[in-house]
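Here the structure is laid out as C-alpha cells; the discussion comes afterwards.
Just so we're on the same page: letters track the sequence lines, and every chain starts at 1. Bear in mind that the values here come from a model prediction, so they are computed numbers and not experimental data.
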2 protein chains.
Amino acid sequence: MKLSEGVEWAIHSCSLLAALPTGAALPTRKLAAYFELSETYLAKNLQLLSNADIVTTRKGPGGGYALAKAADAISLLDIVEAIEGRSPCFSCTEIRRRGPTGIGDEAYKRPCGIARSMWKAEKAWRDELAKVSLHKIQAMALEETPDAQLEKAKIWFEEALA
Amino acid sequence: MKLSEGVEWAIHSCSLLAALPTGAALPTRKLAAYFELSETYLAKNLQLLSNADIVTTRKGPGGGYALAKAADAISLLDIVEAIEGRSPCFSCTEIRRRGPTGIGDEAYKRPCGIARSMWKAEKAWRDELAKVSLHKIQAMALEETPDAQLEKAKIWFEEALA
DNA sequence: TTAAATATGGATATATTTTATCCATATAAT
DNA sequence: ATTATATGGATAAAATATATCCATATTTAA
C-alpha cells in the first residue's frame, strides 16, 4: 500500500511548472536538476502527465514541459491518477463465491459489503485529493518556502529561462 | 498503490470468525478450506491478525482462531493496518530541500503542503475505514448472502465444529 | 503420559511490481 | 543541418508481495 515515488516527483514538478511565466517551458533535464532527481526516470513520469493532459510539451530547443491548463483546474487527484492509474486499491476477488459453500455466480447480485466498504473509503480519499488544486499547492509552497530558498529559486529561474 | 490480497482474506476470515458460537475456534486448515485459499499463506496473514490482537489462538487439537474481542470493537481499519502496517501510503522524501535551491534542513519548520495534503486525504480514508465495524460487515454479509449459500454454510459449520 | 493437532517464527523461493536506464525515432528551433 | 527535445519500446535491476517449508512450542484428547 505504497504510492509510487513518482507521485511526489510529479506533484512537485507540477508545482514548479505552475510558477512558470506564460509561454515558458522547462525540459526534463532542468526539472530533474532542480530537484536533483534521476533524469531518465523523471522523464517517464512526465510522460504519464503528458498522456493525461496535465502538461503540454514542446519538442526541440527551448522546448520542454508546461502546464496544460490553469493551476486551479488541476487537482492532486488528477496527478495521482495520472501516475498511479485509476484502478481501485482494493481489488475484490470474490472469494465468497469459492469453496464448499459457494454457489453459482448468477446468485450474487452486487459487490459484497466488504468491497463496498473498502471502495467507499477509497472514494473518501479520492474526494479529498480532488478538493486540492495545484493552485492551492503552489500558494502553500510560496507561503512556507524559506525566504533564502525563494531568492535562490528566483535566480535559478532567471538562468533556466534565459 | 495496491492493497495486499491478504487484506481481503483477513476481512472475510474475521467475518466468518464473527459467526462462531462463543468458545468455538476455527483452525487455519478449515478457514482456508472454506474460502479455497492457500493454507500456508493464509496462516501468515492470520499470524498478523494474532499479533495485532484482533484474533486469539488456541494451539492443539480443537484449537484455532477466534475473535479476540466483540465484533463491534473491531474496525476495518484495525484489520487493514494489521495486514498492511501503519506507515503512510505517501512518503515524503523532502525533495524540496535538494538541488541547487535547497538550503539547510533547519530552515524547514514543518512538512510541506504537498505532504500535508496527501496525509489529510489518507486520514479521510482511514477515518472512513474506522467507521465500519466487523459487526456491520457481518450484518451486511448475513443480509446479502444468497439463501442457498447460507444453508450450505450452516451445514459446513456444524461439521467444522463437530 | 503419549500422540496428534495446532500456532509461531524463521528461512527461503518465486512472481510481480517498481525503479531505473538506454536507445531509436520523431519533431521543432536556430 | 545541427542541436535540443519528447516519445515509446525494450530491458535491467531492485524491492516487494506472494507462497512454501520446516523446526519448535504448546495444548488437547485419548
Counting primed atoms plus P, OP1 and OP2 as sugar-phosphate and everything else as base, spell out the protein contacts along nucleotides 24-30 of chain C at 4.0 Å heavy-atom distance: B, S or - for each nucleotide, 5' to 3'. --BBBB-
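Within a 6.0 Å radius of NZ in Lys123(A), no more than 12 heavy atoms belonging to other residues, nucleotides or ligands are found. A 6.0 Å sphere centred on CD of Glu158(A) holds more than 12 heavy atoms belonging to other residues, nucleotides or ligands.
Thr145(A) contributes a side-chain N or O that, together with a main-chain N or O of Ala141(A), makes up a donor-acceptor pair within less than 3.5 Å. In terms of modelled atom types and a separation under 3.5 Å, the side chain of Ser117(A) and the main chain of Gly113(A) share a donor-acceptor contact. Checking side-chain atoms of Glu122(B) against main-chain N and O of Phe90(B) turns up a donor-acceptor pair under 3.5 Å. Using a distance-only test at 3.5 Å, with no hydrogens or angles considered, no donor-acceptor pair links the side chain of Arg96(A) to the main chain of Gly102(A). Between the Arg58(A) side chain and the Gly62(A) main chain, a donor and an acceptor come within less than 3.5 Å of each other. In this structure, the side chain of Glu8(B) engages the main chain of Thr93(A) through a donor-acceptor pair within 3.5 Å.
Note: NZ (Lys2(A)) to C1' (dA15(D)) measures 12 Å, nearest angstrom. Distance CD (Glu5(B)) to P (dA15(C)): 16 Å, rounded to an integer number of Å. Nucleotide dT16(C) holds its P atom 21 Å from the CE atom of Met1(A), rounded to whole Å.
Hydrophobic cluster of Ile155(B): no remaining members, since no ILVMFWY side chain lies below 4.5 Å from it.
Applying the salt bridge (charged side-chain N to carboxylate O under 4.0 Å, His left out) criterion to Glu5(A), with sequence neighbours excluded, gives no partner residue. Not counting sequence neighbours, the partners of Ala160(B) by the side chain to side chain contact (heavy atoms under 4.5 Å, CB included) test are Leu26(B), Lys30(B), Trp156(B). Residues that satisfy the ring-ring contact (aromatic ring centres under 6.0 Å, His included) test with Tyr65(A), not counting sequence neighbours, are absent from this structure. Take Lys120(A) and apply the side chain to side chain contact (heavy atoms under 4.5 Å, CB included) test, not counting sequence neighbours, and it matches Glu128(B).
Scanning residues 8-16 of chain B for heavy-atom distances under 4.0 Å to DNA chain C yields an empty list. Within residues 21-35 of chain A, the residues that have a heavy atom under 4.0 Å from DNA chain D are, in order of number, Pro27(A), Thr28(A), Arg29(A). Taken residue by residue, residues 37-56 of chain A places heavy atoms nearer than 4.0 Å to DNA chain D at Lys44(A), Gln47(A), Ser50(A), Asn51(A). Using a 4.0 Å cutoff on non-hydrogen atoms, no part of residues 76-91 of chain B comes near DNA chain C.
Residue pairs meeting the salt bridge (Lys or Arg N to Asp or Glu O under 4.0 Å) criterion with at least one partner in residues 67-84 of chain A, sequence neighbours excluded, are Glu81(A)-Arg86(A), Glu81(A)-Arg126(A).
Distances shorter than 4.0 Å separate some side-chain N or O of Ser4(A) from OP1 or OP2 on dT19(C).
We find the OG-CG distance between Ser13(A) and Leu42(A) to be 5.0 Å, quoted to the nearest 0.5 Å. Of the inter-residue distances, the one linking Trp119(A) atom CH2 with Cys89(A) atom SG reads 12.0 Å to the nearest 0.5 angstrom.
With axes fitted over five pairs at each extremity, the angle between the ends of the helix from dT1(C)-dA30(D) to dT30(C)-dA1(D) is 20° (10° resolution).
Using a 4.0 Å cut-off between a side-chain N of Lys or Arg and a carboxylate O of Asp or Glu, Lys109(A) and Glu144(B) do not qualify as a salt bridge.
Contact record, Tyr108(B) with Arg97(B): CE1-CG, 3.5 Å, taken as the closest heavy-atom pair.
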